[in-house]
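For the single chain, residues carry numbers from 1 onward in sequence order. Side chains are part of it too, since the values below use all heavy atoms of this structure and drop only hydrogens, waters and symmetry mates.
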Amino acid sequence: MKKKSYLSLFFLPLLFIIVALLPACKKNNNDSSAPPVIASIKSYVASPNDTVLHSAVAKGQWVVITGQNLQNATQISFDGVPASFNIALLAPNSAVVQIPTIQFSTIDTAKLYTVKYATTAGSTTFSFKLGPAAPTITSISNVFAAPGDSIFLYGADLVLVQRLVYGGTPIPSFKSSLDGSSLGFLMPAATPTSQILVTTKSGTVRDTINATPTITRISNENANQGDSVFVYGTYLKNLQSLSFAGVPITSFKESSNAGSVRFVMPASTKSGPVSLTTKFGTVTTSYNVYTPTYLQDGVIANMDNGWSFNGLNGWWAKGMCAVNNPANDSFGWLTHTTAFDGFFGKDNTVFVYLQTDALGAGKGGYSDYGTSLSNNQWVPTANLSDPVGNWAIKFEMSVPNAWNGGTLCFTTGFAGSNYVARYEPWQVSSSSTANYTTKGWQTVTIPLSSFRASDPSEGAGKGASVASLTALLGSTGNTSLTIYVYNFDTASTKTGFYGAFDNIRIVKIK
């Protein structure tokens, strides 16, 4: 049965012109009773219209088959896959045909690189290298897979594979996905750390097995001795060494997904970076951890040094200062009490906390539910031309009670309400929320690029990001910080907010 497909009116005139331009000056030796003969396959594009194709990547392009006795086609196949054709585009010396969609993972490889042309009088086969593009590799499913575990290379055109070498080990058995986007095999017994090589009919691709670790955040950068600390990131597996603030960590536990490492905070007396090493490389934070220091540049509030601390510029009805009290441990290690007994005691720790009831729509703000912290040098003047996102506010926060609704807002003394940074960890998506709590103190990082202008429809902190550090901090980089709770929603919040803050500091993160 003849298969028909109809081109748009736009292409038909062009194709007829191509057919007309094909060589016609030779003596006509066509015989409808003789089998077809293919002389060449050419590009159908009018300029140039006589480009002979010796190979092509299958992507649905149109070609012109030239030869003899081509007018009565019954089937035209590329790599064994039948093509649809329009009999109006067939002539004794030419046939205009679109290369069909070919799934190379399922074809009969004995018919690869062939074009078969059948008519009522017979058929002919013509050699034509038509295949997929050269293979590419974009990722590896699990570089830490155990010997014998399934592993996948992801990419494109991973079909017609002739050879696979993973980390120097030849892989004898592998399987391509139907669309060629993945290549599956079993992890070899050797522990590979070098190159991947995949050779297909269309070419060879080489890639490096690269799982250089990264650190994205740390659960508590100012933990107390004995606290559990988590380092989060990627490729955190098979650690060879780990140090926290310069202190070697000899006992730790890696998560099964290589996304975190847990350890118990040792005794530490100085600040320093976090650094870890795996067989793939080393990563070290650009900032220091364990920074409970006082009255230095970049420290906005650390209130553990008696009355001389960088602390509250003034506190309001719901923004208070507190000290720890082992009898009331709602904030974890740094516990809450409104009593100031033992304020200067060796084991007491001072912090800021805010407490609200559920807030009605549009309720909250600095005067009733906020606190203002003293001026200090946020960023050195020499760095005020840095990109805004290179710097961040970091602080430890403890939220012992469920928090759902109401936004923690941050503003600077220089920019005021012109730029607001919002913090809403209870916001799961644009349409759903969930109660948020912490287990003791957790480190929060808010890049200064999170300070945004007001948006006409969504309100403060939802517009364009602040363009420069000086627009946020002023020409000197010395300003104050205000924290308050506000309900931007049109309905009341599901809960109030009860949380504490300490070690508020400005850190260079890039």
For Leu186 and Ser150, what are the C-alpha separation, side-chain angles and deciding distance, and is it a side chain to side chain contact (heavy atoms under 4.5 Å, CB included)?
CA-CA 5 Å; Leu186 299 181; Ser150 294; 3.8 Å; yes
Worksheet item: Which is it for Val261 and Ile249 under the side chain to side chain contact (heavy atoms under 4.5 Å, CB included) test, yes or no, and what are the steps along the way?
Response: CA-CA 11 Å; Val261 179; Ile249 308 298; over 6 Å; no
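- Within 6.0 Å of atom NZ in Lys279, more than 12 heavy atoms from other residues, nucleotides or ligands are found, so the atom counts as buried in its surroundings.
- The shortest distance between side-chain heavy atoms of Lys201 and Phe104 does not fall below 4.5 Å.
- Here Phe410 and Phe395 bring their ring centres to under 6.0 angstrom of each other.
- Listed here is the closest heavy atom pair of Phe185 and Ser173: CB-O, 3.6 Å.
- Residues Thr407 and Val420 form no side-chain contact, since every pair of their non-hydrogen atoms from C-beta on lies 4.5 Å or further apart.
- At a cut-off of 3.5 Å, with distance as the only test, a side-chain donor of Trp391 or Asp386 sits close to an acceptor on the other residue.
- Using a 4.5 Å heavy-atom cutoff, the side chains of Pro132 and Leu160 are in contact.
- For the residue pair Arg217/Thr443, the side-chain donor-acceptor check at 3.5 Å is not satisfied.
- Pro447 and Ala392 make their closest contact through CA-CB, 3.6 Å (heavy atoms, listed as atom of the first residue, atom of the second, distance).
- Note on ring orientation: taking the six-membered ring where Trp is involved, the planes of Tyr484 and Tyr486 are perpendicular (angle over 60°, cut-offs 30° and 60°).
- Inter-residue side-chain proximity for Asn142 and Asp149 is flagged as unmet; no heavy-atom pair is nearer than 4.5 Å.
- Atom OG of Ser417 is separated from atom OH of Tyr366 by 13.0 Å, given to the nearest 0.5 angstrom.
- The closest side-chain heavy-atom distance from Tyr166 to Val198 is not below 4.5 Å.
- In terms of heavy atoms, Glu396 sits closest to Asn220 at CG-OD1, 3.3 Å.
- Residues Pro425 and Trp403 form a side-chain contact, since some pair of their non-hydrogen atoms from C-beta on lies under 4.5 Å apart.
- Counting heavy atoms from C-beta on, the side chains of Thr136 and Asp157 never come closer than 4.5 Å.
- With respect to the salt-bridge test (charged N to carboxylate O, under 4.0 angstrom), the residues Arg422 and Glu458 do not qualify.
- With 3.5 Å as the limit, one finds a donor-acceptor pair spanning the side chains of Thr234 and Thr214.
- Checking Ser181 against Asp179 by side-chain atom types alone, a donor-acceptor pair falls below 3.5 Å.
- Of the N and O atoms on the side chains of Ser475 and Thr470, not one donor lies less than 3.5 Å from an acceptor on the other residue.
- Within the 4.5 Å cutoff, no side-chain heavy atoms of Thr200 are placed close to those of Leu158.
- Atom CG of Leu473 is separated from atom CG of Asn478 by 9.5 Å, given to the nearest 0.5 angstrom.
- Across Ala421 and Phe451, no two heavy atoms sit closer than the pair N-CD2, 3.7 Å.
- Not less than 6.0 angstrom separates the ring centroid of Tyr235 from the ring centroid of Phe280.
- Side chain of Ser465 to backbone of Ser449: a donor-acceptor contact under 3.5 angstrom is found.
- Partner of Asn404 under the side-chain hydrogen bond (donor to acceptor under 3.5 Å, both in side chains) criterion, out of Thr437, Thr495, Thr493, Asn435: Asn435 alone.
- Heavy atoms from other residues, nucleotides or ligands lying under 6.0 Å from NZ of Lys508 number more than 12.
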